[in-house]
Number of protein chains: 2
Amino acid sequence: MDVFFKKIETYTKLSAESRTAWEAILTAKTYKRGDNFVTEGQAPKKVAFVVKGLFSQNYVSDKGEVVIKTFFPEQRFAASVSAMLSKTPSMFTITALEDTSVLEYDFFAFKKLSEQYMDIATFYINYMELHWIIEKEPLEIALRHDPAGKRYAAFADKFPSLIKRLKKHHIASYLGITPTQLSRILLTNK
Amino acid sequence: MDVFFKKIETYTKLSAESRTAWEAILTAKTYKRGDNFVTEGQAPKKVAFVVKGLFSQNYVSDKGEVVIKTFFPEQRFAASVSAMLSKTPSMFTITALEDTSVLEYDFFAFKKLSEQYMDIATFYINYMELHWIIEKEPLEIALRHDPAGKRYAAFADKFPSLIKRLKKHHIASYLGITPTQLSRILLTNK
DNA sequence: CCAAAACATTTACATTTGTTGAGGAATTGA
DNA sequence: TCAATTCCTCAACAAATGTAAATGTTTTGG
């Protein structure tokens, strides 16, 4: 539990009441490797803070190709946010790539807290600013402009430890290329 | 001015005080086609609500290739957000593709208002949720997975009026392809 | 209105990436 | 442990996209 609020406070300081209120909606859970936290087609309601382990958020095309959008390692908040916000079935599945223990909470309960406690609203704003804006802007350019080799180098540079934990085909799926192409890239960079 | 607050209220209802406070930091300005609202390398501070006209936000690579990340037509809020948030030089330029009239305000003055007035914080949250999460999630998948022809079709489908206003090379730049390739795609789809 | 600049298309060739299928290595779960 | 499964790499060929250069059209600013 401490690790949770310690992480929260990297976004903004929390009052004691806010902490207590948030604590009240937290539940500890574990997911075995291969388990889904969110399943495509269902309307999700929960956010999972990853204490230990690793989730991926992925889309499966009609042809069965898997495209990974994001990895959620330790201390990240995993959720299919746009599905919750629009209360529609999720286009993504969130899967445990490793045995994963989390602290879960109901997103709408959280939203209510954010309307009640200004510091929780501030957390939410700061979280979105960092992870949905600051981190995504360069990525959007790279996806349009950079060849996969360059995107791999950038990913490896930013998340060296993740690279070691991931299967190659997961990395390929995140880069939007086939395992074949990733093999070629790794050959070239050797 | 009315069109501004009318748009705001599509995100959340605003109290009279909030409106007055926000109104106080608004300035009307115009940009001729080709003018920059934000220039790469500078630390921007302002947000521009587009009343009439069209901006593009683009990145220029070291080789001089232009990659367009977003278009800001009427009633959108144009800004290089991550540069402002992190108070670093912008990696993007925001340019007027047409003669454009805007209502500008200082982003940090706005942030202060959002800490003071809960309804302005709610606007900011709702705005980010819609434009940075709900709209971006499918795009991120498409950029990784869909060939340019399919991305063109999706763009044309979602913004039919924009397609007519834009030069082909701007559309190509938004899709992350060359004008040559866009020509081929348009040939095929004919 | 007109000359200059910007834009769009096409062709030929190069590069990147995808597809399919095969073989061997690593991993896993009973 | 060990058989089954999953994973990785590689080869050969196919498709998508990039590059460069030529040409004709459109737009634009004076």
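Chain letters run A, B, ... following the sequence lines, proteins first and then strands; every chain starts at 1.
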A:Leu187 CG - D:dT9 P separation (whole Å): 8 Å
Check: B:Phe72 ring centre within less than 6.0 Å of B:Phe77 ring centre: no
Between B:His131 and B:Tyr11, ring centroids under 6.0 Å: yes
Residues that, via side-chain heavy atoms closer than 4.5 angstrom, fall in one hydrophobic cluster with B:Met118: A:Met118
Nearest-angstrom distance from the residue atom CD of B:Glu98 to P of D:dT28: 11 Å
Salt bridge flag under 4.0 Å for residues A:Lys136 and A:Glu140: no
DNA chain C: 5'-most and 3'-most nucleotides touching chain B, 4.0 angstrom heavy-atom criterion: C:dC7 to C:dA12
Aromatic ring proximity, centroids under 6.0 angstrom, B:Tyr105 and B:Phe49: no
Terminal axis angle for the helix from C:dC1-D:dG30 to C:dA30-D:dT1, five pairs an end, nearest 10 degrees: 70°
Ionic contact status for B:Glu129 with A:Lys111, cut-off 4.0 Å: yes
Separation of D:dT17 P from A:Asp146 CG (nearest whole Å): 17 Å
Heavy atoms from other residues, nucleotides or ligands near NZ of A:Lys45 exceed 12 (cutoff 6.0 Å): no
Mind listing the N/O atom pairs, protein and nucleotides 18-20 of chain D, below 3.5 Å?
unit_1 : atom_1 : unit_2   : atom_2 : d
D:dG18 : OP1    : B:Gly176 : O      : 3.4
D:dG18 : OP2    : B:Thr178 : N      : 3.1
D:dG18 : OP2    : B:Thr178 : OG1    : 3.2
D:dG18 : N7     : B:Arg184 : NH2    : 2.8
D:dG18 : O6     : B:Arg184 : NH1    : 3.2

Check: B:Asp119/B:Ser18 side-chain N/O donor and acceptor closer than 3.5 Å: yes
B:Ile141: hydrophobic cluster co-members (side-chain, 4.5 Å): A:Tyr59, A:Val67, A:Met91, A:Phe92
Lys/Arg N to Asp/Glu carboxylate O, B:Arg151 vs B:Asp157, below 4.0 Å: no
For DNA chain D, the residues among residues 148-167 of chain A that have a non-hydrogen atom under 4.0 Å from it: A:Lys167
Centroid-centroid under 6.0 Å between B:Phe110 and B:Trp22 rings: yes
A:Ser82-B:Glu137 side chain donor-acceptor pair, cut-off 3.5 Å: yes
Value in whole Å for how far the P atom of D:dT9 lies from CD1 of A:Ile171: 10 Å
Nearest-angstrom distance from the residue atom CD1 of B:Ile185 to P of D:dA16: 10 Å
Centroid-centroid under 6.0 Å between A:Tyr174 and A:Phe71 rings: yes
